[in-house]
Engineer: 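Pasting a structure below so you can have a look.
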Amino acid sequence: MAIATINPATGETVRTFDPIREEEVERRVALAASAFHDYRTVDFKQRAAWMHAAAGLLRAEQDRLARLVTTEMGKTLAAAHCEVDMCVREMRFFADHAEEFLADESADGPAVGARQAYVRYQPLGPVLGITSWDFPLWQVVRSAAPALMAGNVCLFKHAPNVPQTALQLGGLFARAGFPEGCAQVLLIEPEQVEPLLRDRRVAAVTLTGADQEGRPVAAIAGWEIKKTVLELGGSDPYVVMPSADLDEAAAVGVTSRVCNNGQSSVAAKRFIVHEEVYDDFAGLFVALMESLRLGDPADEATDVGPLATRQGRDHVESQVANAAGLGARVLCGGVSPDRPGWFYEPTVITGITSEMRVFHEEVRGPVAALYRVADIDEAIALANATPFGLAAAVWSGDVAEQERLVSEIEAGMVYVNGMVSAYPQLPFGGVKSSGYGRGLSAYGIREFCDAKTVWIG
């Protein structure tokens, strides 16, 4: 795939870039290794000052960056502004809390025959961040802010359709005062990634993307005995029980499903509804989906913009066609409108069976799969009938039901009576084919550290 900005609302190629050559990749990796040698000794106060400066630049340039994100991957301008807000909050959070999260942890020295014992968290080295296009600012900042505050340095490999956003981020960290080599962007092709993974100077890898992309990265990193953190998407269940507030559950469900034009990993995708309230919920949900305005993502009146790539739109189209061809019913949408760009109508399908692709695959577009279940046992079984396990939302006013759903659904995150989101205070990540390791919170920053045991006799 070419490294290029292609406006998904029009299909127009705005700007193309040549990948950097091997000698330039080598120069930048060497620079990162050299920068780490000095940067790891910089105190938290100075790192925090640079991180706050980066957050300030991001806030000051919010409108320009949001418009760039909208141009490159098609999310609505309002959603792009929200993405910038998320980045600013996370940068400031880790600037303020990194020293606390990475303070030495005392242990019981006498219990291990020592005068003193503790755990010290120390940085690993250059971290390679391989990021997706769905949140081209957030996916980078989510790993870069904790990694940099922990004393690591970063190399960013973005998706090829968001090169300008990538370059803007690299320049932002430099303008904020971080030393040369601490945060570098690599505009490279897929075949240039493996040598980086095998380079001993690269200490750790974090990847956000599809499980098909994560598996080879994990395999290579495993062979090289190198730390990895993987967030590999999800097919998140959204369980609605009879005790739920149906109006709120339907409204939040629609918002969650079409967030980021339906291309968020933690978007609700499989709506699992108890038969007692299925018809009422379905009526509310379909009406709200039908009311959404599809259009130019730069128009403030637009609810849903285009998908980020032609391939992505075509893939969603084929998934729905496969389901319909095998007997699923399309309650609304189900077509690509006759207009320029890579649009797909907000869609609801039901009557889904296990022979259909949508039953097993993640659907990266504004398509909701609606299921009817007889009881909580069937709801839990269906929620878990997926190779993924990133997040889940459950709607119930019954405390006992809530406890069962939280305990028995296989997911890294469960939200009760609310929409799954990302907060810097809470760990973010999944299980099963959704990956391993955690981002955000104290757990996230410690992923990029060596927990060193210190025993003093």
Side-chain angles (χ1 to χ4, degrees), residues 25-26 28-42 44 47 51 90 94 98 101-102 119-132 138-159 166 169-170 173 178-179 181-186 188 190 192-209 211 213-232 412 424 427-430 434-453:
V25 175
E26 165 58 30
R28 296 190 191 187
V29 174
L31 179 59
S34 175
F36 172 66
H37 182 269
D38 295 325
Y39 181 69
R40 65 182 301 171
T41 65
V42 172
F44 283 106
R47 293 178 204 164
M51 189 62 67
E90 193 201 343
F94 281 108
F101 291 155
L102 301 181
V119 175
R120 173 160 294 174
Y121 293 99
Q122 294 186 304
L124 299 174
V127 176
L128 173 62
I130 304 172
T131 64
S132 62
W138 167 249
Q139 301 290 16
V140 173
V141 170
R142 193 180 73 190
S143 58
L148 287 167
M149 284 305 304
N152 300 286
V153 301
C154 298
L155 297 162
F156 307 128
K157 191 279 179 194
H158 285 66
L169 266 179
F173 284 110
F178 283 95
C182 284
Q184 301 181 79
V185 170
L186 306 177
I188 57 177
Q192 295 176 280
V193 172
E194 182 171 343
L196 282 171
L197 295 173
R198 297 193 183 280
D199 194 307
R200 299 311 301 166
R201 293 168 295 183
V202 174
V205 183
T206 177
L207 179 143
T208 303
D211 61 322
E213 299 162 342
R215 292 177 192 278
V217 168
I220 295 168
W223 179 261
E224 298 294 338
I225 315 177
K226 192 168 294 188
K227 180 68 180 288
T228 52
V229 176
L230 305 178
E231 194 266 273
L232 305 179
F428 185 99
S434 289
Y436 53 75
R438 291 294 179 267
L440 307 180
S441 76
Y443 295 93
I445 194 170
R446 291 170 185 167
E447 293 280 11
F448 300 104
C449 295
D450 169 33
K452 178 182 286 185
T453 295

Engineer: Is any side-chain heavy atom of M51 less than 4.5 Å from a side-chain heavy atom of F178?
Structural biologist: yes

Engineer: Among F36, F448, F156, whose side-chain contact (heavy atoms from CB on, under 4.5 Å) with V127 holds?
Structural biologist: F448

Engineer: D199 side chain to V29 main-chain N or O, any donor-acceptor pair under 3.5 Å?
Structural biologist: no

Engineer: How would you list, by chain and number, every residue that makes a salt bridge (Lys or Arg N to Asp or Glu O under 4.0 Å) with K157, sequence neighbours excluded?
Structural biologist: none

Engineer: Quick check: does any side chain N or O of R200 sit under 3.5 Å from a backbone N or O of E224, one acting as donor and the other as acceptor?
Structural biologist: yes

Engineer: Rounded to the nearest 0.5 Å, what's the gap from CD1 on I188 to NE2 on H158? Could you check?
Structural biologist: 12.0 Å

Engineer: Is a salt bridge present between K452 and D450, judged by a nitrogen-to-oxygen distance below 4.0 Å?
Structural biologist: no

Engineer: Measuring from atom OH of Y121 to atom CZ of F101, what distance do you get when rounded to the nearest 0.5 angstrom?
Structural biologist: 11.5 Å

Engineer: Quick one: does R201's side chain have a donor or acceptor within less than 3.5 Å of a partner on S34's backbone?
Structural biologist: no

Engineer: Between L197 and V205, is there a side-chain heavy-atom distance shorter than 4.5 Å?
Structural biologist: yes

Engineer: At their closest point, which heavy atom of R438 faces which heavy atom of G412, and how far apart are they?
Structural biologist: NH2-CA, 3.8 Å

Engineer: Which residues satisfy the salt bridge (Lys or Arg N to Asp or Glu O under 4.0 Å) test with R40, sequence neighbours excluded?
Structural biologist: none

Engineer: Please report, to 0.1 Å, the donor-acceptor pairs under 3.5 Å made by any side chain of residues 142-149, with sequence neighbours excluded.
Structural biologist:
unit_1	atom_1	unit_2	atom_2	d
R142	NH1	Q139	OE1	3.4
R142	NH2	T208	OG1	3.1
S143	OG	V140	O	3.2

Engineer: If you compare all heavy atoms of L124 against all heavy atoms of A204, which two are closest, and at what distance to 0.1 Å?
Structural biologist: CD1-CB, 4.0 Å

Engineer: Quick one: list whatever passes side-chain hydrogen bond (donor to acceptor under 3.5 Å, both in side chains) with Y443, sequence neighbours left out.
Structural biologist: none

Engineer: Report yes or no: does K226 contribute a side-chain atom to a donor-acceptor pair with the main-chain N or O of I220 at less than 3.5 Å?
Structural biologist: no

Engineer: Using modelled atom types only, decide if a donor and an acceptor are shared between the side chain of N152 and the backbone of P126 within a distance under 3.5 Å.
Structural biologist: no

Engineer: Can a donor-acceptor pair be found, under 3.5 Å and without considering hydrogens, that links the side chain of R198 to the backbone of V193?
Structural biologist: no

Engineer: How would you list, by chain and number, every residue that makes a salt bridge (Lys or Arg N to Asp or Glu O under 4.0 Å) with R47, sequence neighbours excluded?
Structural biologist: none

Engineer: How about L102 and R446: do any of their side-chain heavy atoms sit closer than 4.5 Å?
Structural biologist: yes

Engineer: What's the shortest heavy-atom distance between A150 and I445, and which atoms?
Structural biologist: CB-CG1, 4.0 Å

Engineer: Minimum heavy-atom separation for S132 to G209, with atom names?
Structural biologist: CB-CA, 4.4 Å

Engineer: Between V217, T206, T228, L155, which is the residue that forms a side-chain contact (heavy atoms from CB on, under 4.5 Å) with L128?
Structural biologist: L155

Engineer: Could you measure the distance from the SG atom of C449 to the CD atom of Q122? Nearest 0.5 Å is fine.
Structural biologist: 9.0 Å

Engineer: Give a yes or no answer on whether the side chain of K227 reaches the backbone of E447 with a donor-acceptor pair at less than 3.5 Å.
Structural biologist: yes

Engineer: Taking only residues two or more places apart in sequence, or in another chain, which ones meet R215 in a salt bridge (Lys or Arg N to Asp or Glu O under 4.0 Å)?
Structural biologist: D211

